[in-house]
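Within every chain, numbering begins at 1; the chains are lettered A, B, ... in the order of the sequence lines, protein sequences first and strands thereafter. What you see is a predicted model; the values in this text were computed from it and never measured.
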Amino acid sequence: MPRQTLIYNTLTKKKEVFEPVNSPHVGLYACGPTVYSDPHLGHARQAITFDILFRYYTHIGYKMRYVRNITDVGHLEDEVSGEGEDRITKKARLEQLEPMEVVQYYTNRYHLFLDRLNVKRPSIEPRASGHIIEQQQLIRKLLENGFAYESNGSIYFDVEKYDKDNDYGKLSGRKIEDLLSNTRDLDGQSEKKNSLDFALWKKASPEHIMRWPSEWSDGFPGWHLECSAMGNKYLGEQFDIHGGGMDLMFPHHECEIAQTKGAFGKEAVKYWMHNNMITINGQKMARSLQNFITLEELFAGSHEKLEQAYSPMTVRFFILQAHYRSTLDFSNEALQASEKGLKRLFQGYKTLQKIAAGKESTIDVNKIEEQCYEAMSDDLNTPIAISYLFDAVRIINSINDGKEKIDADSLEKLKALFQIFIFEILGLVEEESSSDDLSSDLINMILNLRMDIKANKDYSTADKIRDELTKLGIVIKDKKDGFDWELG
RNA sequence: GGUCGCGUGGCCGAGUGGCUAGGCAGAGGUCUGCAAAACCUUGUACGGCGGUUCGAAUCCGCCCGUGACCUCCA
């Protein structure tokens with residue numbers, strides 16, 4: 001029986017005790033990317049948030065099935081009006097590629113950068129275009145149940161009708177009347193009965209490449225439909241957690257709830273989880289605002305806003321140092337702080353490996369362990385868990401200095417704790433400085449020569465060597481009788 | 001305009017009715033030929049004004065500032 005955890009449910013706006021529908025099995029669905037462009041920091045946060053959930057729940061004993069989709073069809077530029085080109089199709093046209101080439105390319109890119117961030121691959125990664133049949137079946141159900149109607153070969157969801165006996169807007173806290181009064185005027189959009197109605201199936205215009213046959217028209221499915229169809233297919237009629245970025249709450253997730261309830265008579269999702277946005281100068285990082293930084297740019301330092309390159313683990317740690325429901329502001333200063341903090345954490349881990357156990361202990365490892373688990377169990381509070389690890393680092397250093405003592409059992413326990421939290425739960429990995437054996441040998445040779453020079457008290461030459469090596473990015477650490485170095 | 005959120009020390013960020021995270025930067029120190037690195041020590045901050053309370057940064061009200069959503073966006 002896994003330990004009790006709290007999880008913030010967007011639906012109830014409260015932290016709730018997590019009780020799986022079918023413990024110990026847990027079904028998790030997270031909205032993946034629309035693969036028409038490179039992943040940016042925001043995608044990283046979303047992926048890392050649910051990666052942590054996946055990792056932690058697996059660790060405490062749940063049998064996880066994690067589904068994260070790839071949206072490769074149906075995502076229009078303007079969902080409400082149903083206008084605009086399909087994003088994939090547009091990209092394909094601009095680049096003169098097959099739509100599926102675009103899809104494959106950006107799916108590969110997504111995997112590449114998420115792998116570097118050490119985000120685990122989901123259990124199932126379904127594509128919308130591979131589930132046209134399932135989506136069409138869902139539409140038929142909705143037509144049968146009277147929640148959808150056909151108009152000129154397209155099928156729309158009837159929001160007003162649904163709202164009569166259901167609560168459309170319950171997730172995002174909206175009321176249908178407010179939405180109606182605030183919806184922009186759509187003159188000429190006569191296909192829909194109501195401006196709030198959203199597309200389930202769109203008849204394809206002659207130039208639209210991605211199209212599938214159906215009894216209504218040659219067309220393609222609406223964006224919101226895929227998640228309902230694939231969630232249902234792989235996780236069943238009721239499953240535990242559905243996640244995504246906060247900006248998907250409305251209308252995407254709201255529409256999902258309506259579709260599922262309308263088709264199956266009951267809601268599928270027990271807990272809704274939404275990660276907050278990454279901001280840049282206090283404003284949301286978004287493609288539409290032209291202020292986004294891709295992961296490729298971040299890792300390479302190739303963006304005008306970047307003072308340097310930031311390694312994947314620095315980025316991961318930066319994201320984990322904030323709670324997933326808070327906005328997180330990007331800045332070079334903050335990233336640099338994370339870079340150094342992460343280094344300190346790993347330094348502590350290394351020190352831990354070499355300290356010796358004594359007969360007695362002044363350290364209460366059980367308490368540290370409990371604190372770490374409690375933090376993670378309290379709605380995935382990674383920043384708190386990390387703060388306890390930093391507390392532990394200070395203790396480790398004190399043991400190393402002989403100010404504190406630890407017995408063999410406690411030491412083993414502390415080592416296991418660090419191993420589990422740093423690598424398994426937080427998913428951090430140590431990034432090796434890239435240096436091949438030959439250059440290592442060369443550096444060691446030079447530094448050995450420098451030792452001789454120092455022994456002769458020729459400090460000016462010794463300093464010169466050090467300066468030159470420093471310029472090459474090699475950090476020298478002189479010790480009592482020897483040296484150490486690393487790539488800075 | 002509507003809905004929801006936020007405002008914490010130089011920066012980033014937790015937390016939350018009394019026990020006052022953590023990281024980075026800064027300062028001091030240990031070490032060192034000198035540095036660097038590493039390590040140690042160090043900071044009583046919570047937008048403003050009222051109110052509730054023995055006690056509020058934490059609850060309530062008002063104000064100011066700011067952000068997200070209401071079109072697509074993780």
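For the P atoms, the distance from B:G17 to B:A36 is 45 Å, rounded to whole Å. The same atom, C1', is picked in B:C4 and in B:C19; the two are 34 Å apart, to the nearest Å. Taking atom P in both B:U8 and B:G67, the straight-line distance is 14 Å, to the nearest Å. When the P atom is compared between B:G23 and B:G43, the two are found 13 Å apart, to the nearest whole Å. If you take atom C1' in B:A14 and the same atom in B:A57, they sit 14 Å apart, rounded to whole Å. Here the separation of B:C49 from B:G7, taken at their C1' atoms, is 16 Å to the nearest Å. For the P atom pair drawn from B:C24 and B:A37, the interatomic distance equals 13 Å after rounding to whole Å. Comparing the P positions of B:U20 and B:C12 gives an interatomic distance of 24 Å, to the nearest angstrom.
One distance of note links CD of A:Glu374 with CG of A:Asn381; it measures 11.0 Å at 0.5 Å rounding. With rounding to the nearest 0.5 Å, the separation of CE in A:Met285 from CZ in A:Arg45 is 11.0 Å.
Here A:Leu389 lies out of heavy-atom contact (under 4.0 Å) with every strand. In this structure, A:Asp463 reaches the bases: a heavy-atom distance under 4.0 Å links it to at least one base atom across the strands shown. Base engagement by A:Met285 is indicated by at least one non-hydrogen atom pair under 4.0 Å involving a base atom. Contacts of A:Ala286 with the nucleic acid, taken as non-hydrogen atoms under 4.0 Å apart, include base atoms.
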task: Please step through ring-ring contact (aromatic ring centres under 6.0 Å, His included) for the pair A:His253 and A:His224, ending with a clear verdict.
output: CA-CA 8 Å; A:His253 292 157; A:His224 310 306; 9.3 Å; no

field: Residue pair A:Phe423, A:Tyr349: steps toward the ring-ring contact (aromatic ring centres under 6.0 Å, His included) verdict
entry: CA-CA 11 Å; A:Phe423 302 104; A:Tyr349 174 76; 5.1 Å; yes

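Nearer the 5' end of RNA chain B, as judged by each residue's closest nucleotide, is the contact made by A:Tyr459, out of A:Asp247 and A:Tyr459. For A:Leu328 and A:Arg450, each mapped to the nucleotide of RNA chain B holding its nearest heavy atom, the one lying further toward the 5' end belongs to A:Leu328.
With a 4.5 Å cut-off on side-chain heavy atoms, A:Asp178 and A:Lys175 count as touching.
Atom CG in A:Leu248 sits roughly 14 Å away from atom C1' in B:U71 (whole-Å rounding). The NZ-C1' distance, from A:Lys464 to B:A35, rounds to 18 Å in whole Å. Separating the CE atom of A:Met249 from the P atom of B:C69 is a distance of 11 Å, rounded to the nearest angstrom. Straight-line distance from the NE2 atom of A:His224 to the P atom of B:U71: 11 Å, rounded to whole Å. Residue A:Met451 contributes atom CE, which lies 13 Å from atom C1' of B:G33 at whole-angstrom precision. Atoms CD (A:Gln336) and P (B:G13) sit 15 Å apart, rounded to a whole Å. In this structure, CZ of A:Phe250 is placed 13 Å from P of B:C69, rounded to the nearest angstrom. To the nearest angstrom, C1' of B:G15 lies 10 Å from OH of A:Tyr388.
Using a 4.0 Å cut-off on heavy atoms, the residues of residues 362-386 of chain A that approach RNA chain B are A:Asn381, A:Pro383, A:Ile384, listed by number. In the region residues 46-54 of chain A, proximity to RNA chain B at under 4.0 angstrom, judged on heavy atoms, holds for A:Gln46. RNA chain B lies under 4.0 Å from at least one heavy atom of each of the following residues of residues 27-45 of chain A: A:His40, A:Gly42, A:His43.
Evaluation of the side chain to side chain contact (heavy atoms under 4.5 Å, CB included) rule for A:Glu207 yields A:Ser205 as partners, not counting sequence neighbours. Every residue meeting the side chain to side chain contact (heavy atoms under 4.5 Å, CB included) condition with A:Asp158, not counting sequence neighbours, appears here in chain and number order: A:Tyr149, A:Glu160, A:Lys161, A:Lys193, A:Asp197. Residues passing the ring pair (Phe, Tyr, Trp, His ring centres under 6.0 Å) test with A:Tyr271 are A:Phe18, sequence neighbours excluded. Residues passing the ring pair (Phe, Tyr, Trp, His ring centres under 6.0 Å) test with A:His43, sequence neighbours excluded: A:His40.
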What does the list of N/O pairs under 3.5 Å between the protein and nucleotides 25-27 of chain B look like, with a distance for each?
unit_1, atom_1, unit_2, atom_2, d
B:A25, OP1, A:Lys340, NZ, 3.1

Under 3.5 Å, which N/O atoms of the protein pair with N/O atoms of nucleotides 3-9 of chain B?
none

Considering only nitrogen or oxygen atoms on both sides, find all protein atoms under 3.5 Å from nucleotides 36-38 of chain B and state each distance.
unit_1, atom_1, unit_2, atom_2, d
B:A36, N3, A:Ile476, O, 3.1
B:A37, O2', A:Lys477, NZ, 3.3

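Between A:Ser326 and B:A14, a side-chain N or O to OP1/OP2 separation shorter than 4.0 Å is present. Phosphate proximity of B:U41 to A:Arg394: present, with a side-chain N or O under 4.0 Å from OP1 or OP2.
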task: Can you run through RNA chain B from 5' to 3' and write each base as (, ), [, ], | or . depending on how it pairs? Watson-Crick or G-U wobble, both distances under 3.5 Å.
output: ((((((((.[[[)....(...]]].(((((.......)))))....[[[[[..)....]]]]])))))))....

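The closest side-chain donor-acceptor pair between A:Ser311 and A:Glu431 falls under 3.5 angstrom.
Judged as a salt bridge (Lys or Arg N to Asp or Glu O under 4.0 Å), the pairs with a partner in residues 317-330 of chain A (not counting sequence neighbours) are, in order, A:Arg325-A:Asp379.
A cation-pi arrangement is present between A:Arg174 and A:Phe250, with the terminal nitrogen or guanidinium carbon under 6.0 Å from the aromatic centre and inside a 45° cone about the axis.
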